[in-house]
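Report on one structure; see the data block that follows.
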Amino acid sequence: MPLRVAVFSTKPYDRAFLQRVNAQHGHELTFFEPRLTQETASLADGFPVLGAFVNDQVNAAVLDRLAPKGLRLVALRSAGFNNVDLAAAQRHGVTVVRVPAYSPHSVAEHTVALMLSLNRKIHRAYNRVREGNFALDGLLGFDFVGKTVGVIGTGKIGEAVTQIMTGFGCRVLAYDPKPNEACIGRGVEYVALDDLLQQSDIVTLHMPLTPQSHHLIGSEALGKMKQGVMLINTSRGALLDTRAMIGGLKSGKIGYLGLDVYEEEADLFFEDHSEDVIRDDVFSRLLTFPNVLITGHQAFFTETALEQIATTTLENISAFERGEECRNAVKQ
Ligand code: NAI
């Protein structure tokens, strides 16, 4: 029996990929453009399946509303699941599934794109050349070869980053409570977090956001890093204490900051706000630094990844429909 799926936070590109893959599954997909919040949850009343993305709020209030109206499955189109209240889902007997690996390379390659752009100031050079300014002052970069890169979290994405950075001839340090054999085989050295922070020229974050990792990088961690460190976060915004980062940028402790995620991104990202006044002063301050490069949660955004997200999401829903144990279920 095909299932009715309320798919939130959908853009034309999401619809195109999901519809194409759904031709083989035959579920009844209803696309909603808004983000799922307590205010928009009623759109999903009576749907057995909810399709959600990174900034959809699958919190207790939303689940308390939708479960009694028939919700049985939350199908996340993301790897991260920090936006779901798993305890509330379990209480209501709602299964949560995700897309654990769609294309770790999409995120890893974007991470490295931020590193390279910040180093060689591509974001500034682009504007200069368009204005007929071919001066090189202020564009001085460094060679990556021989530099020390610290990768925090070496799951699928972190591993792909270590692969690229060892290819660049960097020394790669890693911190992860569960070391990855493939990384060790490639010459990555696992060290304590403090050692990684102290020794790395570049620090990049690839672990999930959990209550334990919230604001993992704040003033204290910054204090341990090298002067002028390059810090990259393509994981989840709240891994960084953004106010502390602004302090670090002002003091020069942070030499380069590359972000694809921001702790208060839900009200900003994925939408065109070019006609609006941005009221978030912390975000606005970040934009004033020449050595900060921000992208709006686009690291995942490749054709390969969107195809894989649609494929796994629909396979997850079909497995649930057949009553099978889903290998992509999120366990509490
Ligand atoms: P994964 O589950 O394969 O790897 C996560 C790794 O982090 C694991 O090896 C785990 O042991 C480690 N870890 C957990 N807590 C840690 C801690 N406190 N310190 C150090 N390591 C820790 O996950 P994957 O696929 O590599 O994704 C990583 C994160 O990337 C996701 O949780 C998600 O937040 C983010 N992401 C961002 C995207 C974007 O478009 N910007 C797209 C996809 C994922």
Side-chain angles (χ1 to χ4, degrees), residues 9 11 13-14 52-56 76-84 86 96 98-115 150-164 172-184 188 190-197 200 203-218 220-221 224 232-241 258-263 265-266 268-270 293-309 312-313 327-331:
S9 294
K11 299 288 181 197
Y13 45 82
D14 297 308
F53 198 48
V54 287
N55 290 325
D56 288 321
L76 294 170
R77 310 198 299 279
S78 59
F81 49 87
N82 53 286
N83 52 331
V84 182
L86 292 177
V96 180
R98 65 181 182 128
V99 184
Y102 38 91
S103 168
H105 303 287
S106 65
V107 183
E109 289 171 13
H110 189 80
T111 301
V112 177
L114 289 175
M115 290 178 190
V151 181
I152 307 182
T154 50
K156 290 171 286 296
I157 296 171
E159 182 191 332
V161 171
T162 65
Q163 198 175 1
I164 300 171
V172 181
L173 302 180
Y175 168 73
D176 191 311
K178 291 185 197 148
N180 176 329
E181 287 302 324
C183 293
I184 295 171
V188 172
Y190 280 88
V191 294
L193 181 58
D194 280 1
D195 293 329
L196 180 148
L197 298 176
S200 299
V203 173
T204 181
L205 307 180
H206 301 288
M207 77 285 213
L209 175 64
T210 61
Q212 294 74 39
S213 63
H214 184 266
H215 283 188
L216 180 88
I217 305 295
E220 201 186 322
K224 295 172 184 157
I232 308 285
N233 185 11
T234 58
S235 233
R236 285 293 179 268
L239 292 171
L240 294 185
D241 175 349
L259 304 177
D260 185 52
V261 285
Y262 169 59
E263 49 186 324
E265 71 178 47
L268 288 172
F269 285 9
F270 304 125
L293 181 51
I294 305 177
T295 51
H297 209 136
Q298 72 170 82
F300 75 100
F301 199 55
T302 66
E303 279 183 25
T304 312
L306 288 193
E307 180 81 39
Q308 198 55 50
I309 287 172
T312 306
T313 299
R327 61 195 167 91
N328 297 325
V330 181
K331 302 273 185 303

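Bear in mind the structure is a predicted one, so any value in this text is a computation, not a measurement. First listed ligand is number 1; within each ligand, the first listed atom is number 1.
- If you number the atoms of ligand 1 from 1 as listed, the ones under 4.0 Å from a heavy atom of His297 come out as 39 (C), 40 (O), 41 (N).
- With a 4.5 Å cut-off on side-chain heavy atoms, Ile309 and Asp14 do not count as touching.
- Under 4.0 angstrom from ligand 1, the non-hydrogen atoms of His206 all belong to its backbone.
- Both the backbone and the side chain of Ile157 come within contact range of ligand 1, each with a heavy atom under 4.0 Å.
- Not a single N or O atom of Val261, backbone or side chain, sits closer than 3.5 Å to an N or O atom of ligand 1.
- Under the ring pair (Phe, Tyr, Trp, His ring centres under 6.0 Å) criterion, Tyr102 pairs with no residue at all, not counting sequence neighbours.
- For ligand 1, none of its N or O atoms has an N or O atom of Lys178 under 3.5 Å away.
- Residue Phe301 does not touch ligand 1, judged by heavy-atom distances below 4.0 Å.
- Counting heavy atoms under 4.0 Å from ligand 1, residue Tyr102 touches it through the side chain alone.
- Applying the salt bridge (Lys or Arg N to Asp or Glu O under 4.0 Å) rule to pairs touching residues 99-108 yields nothing, sequence neighbours excluded.
- Taking each of Ala79, Cys183, Pro208, Gly237 in turn, the one with a heavy atom nearest to atom 32 (O) of ligand 1 proves to be Pro208.
- Summary of contacts: the protein heavy atom closest to atom 22 (C) of ligand 1 is Met207 CB, 3.4 Å.
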